[in-house]
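Per chain, numbering begins at 1; letters A, B, ... match sequence-line order. Small disclaimer: the values here were computed from a predicted structure and weren't measured.
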Amino acid sequence: MYDPRALQAKWLPRWEELKPFAAVEDAADTRPRKYMLDMFPYPSGDLHMGHGEVFAIGDVIARFWMQKGYNVLHPIGWDSFGLPAENAAIKRNAHPAEWTYANIETQATSFKRYGISFDWSRRLHTSDPEYYRWNQWLFNRFFERGLAYRKGGLVNWCPVDQTVLANEQVVAGRCERCGSEVVRRELTQWYFKITEYADRLLDDMAQLEGGWPERVLTMQRNWIGRSTGADVQFAIEGRDEAVTVYTTRPDTLYGATFFVVAADAALAEEIVAPDRREALAAYRAEVAKLSDIERLSTEKEKTGVFLGTYAINPVNGERIPVWAADYVLSDYGHGAIMAVPAHDQRDLDFAVKFGLPVKVVVHTGMADPGDTGVATPGEGTLVNSGPLDGLSKVEAIQRIIEILAERGSGKATVNFRLRDWLLSRQRFWGTPIPIIHCPDCGEVPVPDEQLPVTLPDVRGADLKPKGVSPLAAATDWVNVECPKCGGPAQRDTDTMDTFVDSSWYFLRYVDPHYEDGPFDVEKVRKWGPIDQYVGGVEHAVLHLLYSRFFTKVLHDMGMVDFTEPFLRQLNQGQVINRGKAMSKTLGNGVDLGQQIDAFGVDAVRLTMLFAGPPEDDIDWADVSPAASQKFLARAFRVMVEAGEASAAGADFSAGDEELRKVTHRTIDEVTKLVEGFRFNVAIARTMELTSAARKAIDSGPGAADPAVREAAEAIAVMLSLVAPYVAEEGWERLGHGPTVARAGWPTADPALLVRESVTAVVQVAGKVRDRLEVSPEISEDDLRELALASEKVQTHLDGTPRKVIVRAPKLVNIVP
RNA sequence: GCCCCCGUAGCCCAACGGCAGAGGCAAGCCCCUUAAAAGGGCUGCGUUGUGGGUUCGAGUCCCACCGGGGGCACCA
């Protein structure tokens, strides 16, 4: 009788004792190493269905490698800094740590019950001073290298969370966390100079090709957004200094008919004619009223205002009017553009709206944009462009850059969409930025030996967001001596973005209590980089981009010898219910704990993996944990009956050959399927083997046949990846000691994989007319002869066939 | 608007360019049983979303469209 609850109660304590999943550091252990990592969880209550899926997937991979004889590092920890803890603390008048660490304990217990093969000795929490000390240490290193700096400017502000956000944390104008509309504020903030690594972040993706999902690579490429073009200098009437614009189409320079400055750029104010000053001010006020969402809408009509001044085209001396508009961004390129309406749709829309001229300079074969309102950005031949006439687009770009360079009015340039990573947050439950502001010495890093700068004790209502960090109110904590001059100074009161914590945690796992640095460099050399990373696609341009950046900086510091942290990455789908994401408002939530109580850990894990390919969503309404439980019971009975009928150590070669062949074919296929992450199909194959074993017991050679034992043992080991409890119990019933997790992956005997005969299909004009049992080694000629000799084929043929296609040994197609 | 992925039986999903169906759910039937449950077994006639094309042969490759999902979308 299969009783999942009893098996859980029996084996969980045994595993805790045996610690079968500890990664081995011993140099004498010569097994090749593998590092399998799941994205670590945020401790927001207990584990949910989504966790159930990801960790089930990661566990199959880790356990498979263990069975295959690798020394596997499969750690777990908690991403335990962050806003929810703070909000909970305000509500309960408590300290964020209380809520956080209580949730961590709950999740840890659930993980253990869920049977995940973690090495628990490597557990870490990012909110431990022991951990965040090294965030501060790393910040100091970044600061020394000029990679951490403070600057003023317009930043994204979330009015609900009362903090600034990085660009990556604003999705379509809304806060990635809470969904509220983000506003722009002028603030001085800390940044990491990720843009300095833009080229490498892009180019190193070549290493990830094939190992990462294509869509994640695409998202990162789009996010980094490298474009090549040219800087071109335009003189502005009434201003000594030239203004530089960036363009990807310098070939269309002769087609520039106006000039646009970002409305919110300082430049607009500097160059506006006195009589247009008022109009600009009015326009800016209007623009400021718009939210980002409205401003970014492509449906929105172009707006702008003439600045009463003119720019001079450097190649032909033409005077073109200067406008201010909000469709030009102040923080990309130089905040100003040359507008070529004939060949750029945005410029054309603007030209049409304000009656500005359209001048075609590339003949593309398309209708005149001035007539159609459709710009022609494609390939073509240059016209009306002086020395460029007759050249192709590509040639013209080259030539014009040479011309501009000769005259000193331009040069080839590269631009990125990526902005620096805004890192400071005006909230409490995070890593304090280890900087002391001294009126005399400026920004002074807290010396390494004084780290960590720990959080002061702030709790309850004192954590309420008020637009400045709650740390600012802790005056005892804030007021310190300057480490340089000893004079009175103040700590920086912002905390770091929690994405800093997760940008390097995978390195800390090799030795989470290491005291001589953020991580043990030698151990990372042995374990890194991560062979397989499993987690959600929502981090495509957040965590995954930041981690890649950190890894490259650490590489430049000589601390890691690789440049990419995650060689392979798998994104699991979501667990949904009745076609929709689970939510309280819809009332369609399914509780992981309740599912486990009802069907057992094994059945829930099996259901997650059998539902479909790992990257597909699982609709819990479409799957059946009850059916999974039924299958496990069936497999369990096979193991029990085989165990009762024969003793361990039997000579399998004496077993029933037919069943042995099924077993070995299954082993062969399941091995390949697991390697390809095709877990649903691997499980289907295991089900087939179970049925074959059942049949052998009931109406074949009987339970005592060694082939039945061989099949049952293979089932136990293969099931151990998915359903560890029933596999363990079955393994014991088969006469083996714990643990099945270390039993070793079975190998398929090639001799048992060959088939004596295969069915060859004979088609006439594509229709099946006969089947022939033939040797798998049959030659094309022999098979052709056999097929043509077939009576069934002959009746469908009159005369000699036109053509005979032979694909030995499986198929013959005769074309009459 | 542009790009990518997916449309196979009532449902979830398999199928190196080669017999459309591996596995599961649901349904129906049979055995076991006094009966039921549990257990064992059997049952698949679908225009592979639609329309073209390539091919001896297309679920699979190409083109267009329809439907679903995702990404990008004033970045000059």
Nearest-neighbour nucleotide for the [X] side chain, [options] considered:
{"X": "Leu811(A)", "options": "rA15(B), rC72(B), rG18(B)", "result": "rG18(B)"}
{"X": "Asp344(A)", "options": "rA76(B), rC72(B), rC42(B)", "result": "rA76(B)"}
{"X": "Arg694(A)", "options": "rG40(B), rC74(B), rG71(B)", "result": "rG40(B)"}
{"X": "Arg417(A)", "options": "rC72(B), rA73(B), rA76(B)", "result": "rA73(B)"}
{"X": "Ile805(A)", "options": "rC13(B), rC72(B), rC56(B)", "result": "rC56(B)"}
{"X": "Pro613(A)", "options": "rA14(B), rA76(B), rG71(B)", "result": "rA14(B)"}
{"X": "Arg678(A)", "options": "rC74(B), rA76(B), rA15(B)", "result": "rA15(B)"}

To the nearest 0.5 Å, what is the distance between CE (Met205(A)) and CG (Leu217(A))?
->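 If I round to the nearest 0.5 Å, the distance is 6.5 Å.
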Please verify the inter-ring angle class for [X] with [Y]; under 30° counts as parallel, over 60° as perpendicular, anything in between as tilted.
{"X": "Phe679(A)", "Y": "Phe677(A)", "answer": "tilted"}
{"X": "Tyr332(A)", "Y": "Tyr246(A)", "answer": "perpendicular"}
{"X": "Phe636(A)", "Y": "Tyr2(A)", "answer": "tilted"}

Take atom [atom1] in [N] and the same atom in [M], then report the distance between them in whole Å.
{"N": "rG46(B)", "M": "rA15(B)", "atom1": "C1'", "value": "15 Å"}
{"N": "rU54(B)", "M": "rC63(B)", "atom1": "P", "value": "15 Å"}
{"N": "rC74(B)", "M": "rA14(B)", "atom1": "P", "value": "36 Å"}
{"N": "rA58(B)", "M": "rA20(B)", "atom1": "C1'", "value": "11 Å"}
{"N": "rC62(B)", "M": "rA26(B)", "atom1": "C1'", "value": "38 Å"}
{"N": "rC4(B)", "M": "rG18(B)", "atom1": "P", "value": "25 Å"}
{"N": "rG44(B)", "M": "rU50(B)", "atom1": "C1'", "value": "25 Å"}
{"N": "rG67(B)", "M": "rG49(B)", "atom1": "C1'", "value": "7 Å"}

In whole Å, I'd like the distance from the [atom1] atom of [X] to the [atom2] atom of [N].
{"X": "Asp698(A)", "N": "rG41(B)", "atom1": "CG", "atom2": "C1'", "result": "10 Å"}
{"X": "Ile576(A)", "N": "rG69(B)", "atom1": "CD1", "atom2": "P", "result": "11 Å"}
{"X": "Gln629(A)", "N": "rA38(B)", "atom1": "CD", "atom2": "P", "result": "12 Å"}
{"X": "Lys695(A)", "N": "rG39(B)", "atom1": "NZ", "atom2": "P", "result": "18 Å"}
{"X": "Leu632(A)", "N": "rG39(B)", "atom1": "CG", "atom2": "C1'", "result": "16 Å"}
{"X": "Met219(A)", "N": "rC5(B)", "atom1": "CE", "atom2": "P", "result": "16 Å"}
{"X": "Ile814(A)", "N": "rG18(B)", "atom1": "CD1", "atom2": "P", "result": "19 Å"}
{"X": "Lys580(A)", "N": "rG68(B)", "atom1": "NZ", "atom2": "P", "result": "14 Å"}

With a 4.0 Å cut-off, would you call [X] and [Y] a salt bridge?
{"X": "Glu644(A)", "Y": "Arg637(A)", "value": "no"}
{"X": "Asp668(A)", "Y": "Arg665(A)", "value": "no"}
{"X": "Arg5(A)", "Y": "Asp3(A)", "value": "no"}

Any side-chain donor near an acceptor of the partner, Arg605(A) and Ser628(A), under 3.5 Å |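 The answer is no; no qualifying pair exists.
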Under 3.5 Å side-chain donor-acceptor pair for Glu773(A) and Thr759(A) |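 Yes - a donor-acceptor pair under 3.5 Å links their side chains.
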Which base sits across from [N] as a Watson-Crick or G-U pair, both distances under 3.5 Å?
{"N": "rA64(B)", "value": "rU50(B)"}
{"N": "rC13(B)", "value": "rG21(B)"}
{"N": "rG1(B)", "value": "rC72(B)"}

How do Phe416(A) and Thr759(A) order along RNA chain B: which one's closest nucleotide is nearer the 5' end?
->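 It is Thr759(A), whose closest nucleotide lies nearer the 5' terminus.
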Between Ala336(A) and Thr218(A), just flag the one whose closest nucleotide in RNA chain B comes earlier from the 5' side.
->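 The residue whose closest nucleotide sits nearer the 5' end is Thr218(A).
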N/O contacts under 3.5 Å, protein versus nucleotides 21-31 of chain B?
unit_1: rA22(B); atom_1: O2'; unit_2: Arg685(A); atom_2: NH1; d: 3.3
unit_1: rA22(B); atom_1: O2'; unit_2: Glu688(A); atom_2: OE1; d: 2.8
unit_1: rA22(B); atom_1: O2'; unit_2: Glu688(A); atom_2: OE2; d: 2.6
unit_1: rA22(B); atom_1: N3; unit_2: Arg685(A); atom_2: NH1; d: 3.4

Give Val768(A) one of three labels, base, sugar-phosphate or nothing, depending on what nucleic acid heavy atoms sit under 4.0 Å from its own.
->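 Touches sugar-phosphate only.
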Select base, sugar-phosphate, or nothing to describe what Gln763(A) touches, counting heavy atoms under 4.0 Å on all strands.
->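 Touches a base.
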Please state whether the phosphate of rA76(B), meaning OP1 or OP2, lies under 4.0 angstrom from any side-chain nitrogen or oxygen of Ser227(A).
->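 Yes, within the criterion.
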Phosphate contact (rC56(B) OP1 or OP2) by Lys803(A) side-chain N/O below 4.0 Å =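 Indeed, a polar side-chain atom of Lys803(A) lies that close.
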With no angle test and no hydrogens, is the base of rG71(B) tied to the side chain of Arg215(A) by a donor-acceptor pair under 3.5 Å?
->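 Under the 3.5 Å cut-off, the side chain and the base do not form any donor-acceptor pair.
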Side-chain contact, heavy-atom cut-off 4.5 Å: Phe610(A) with Phe631(A)?
->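 Not in contact.
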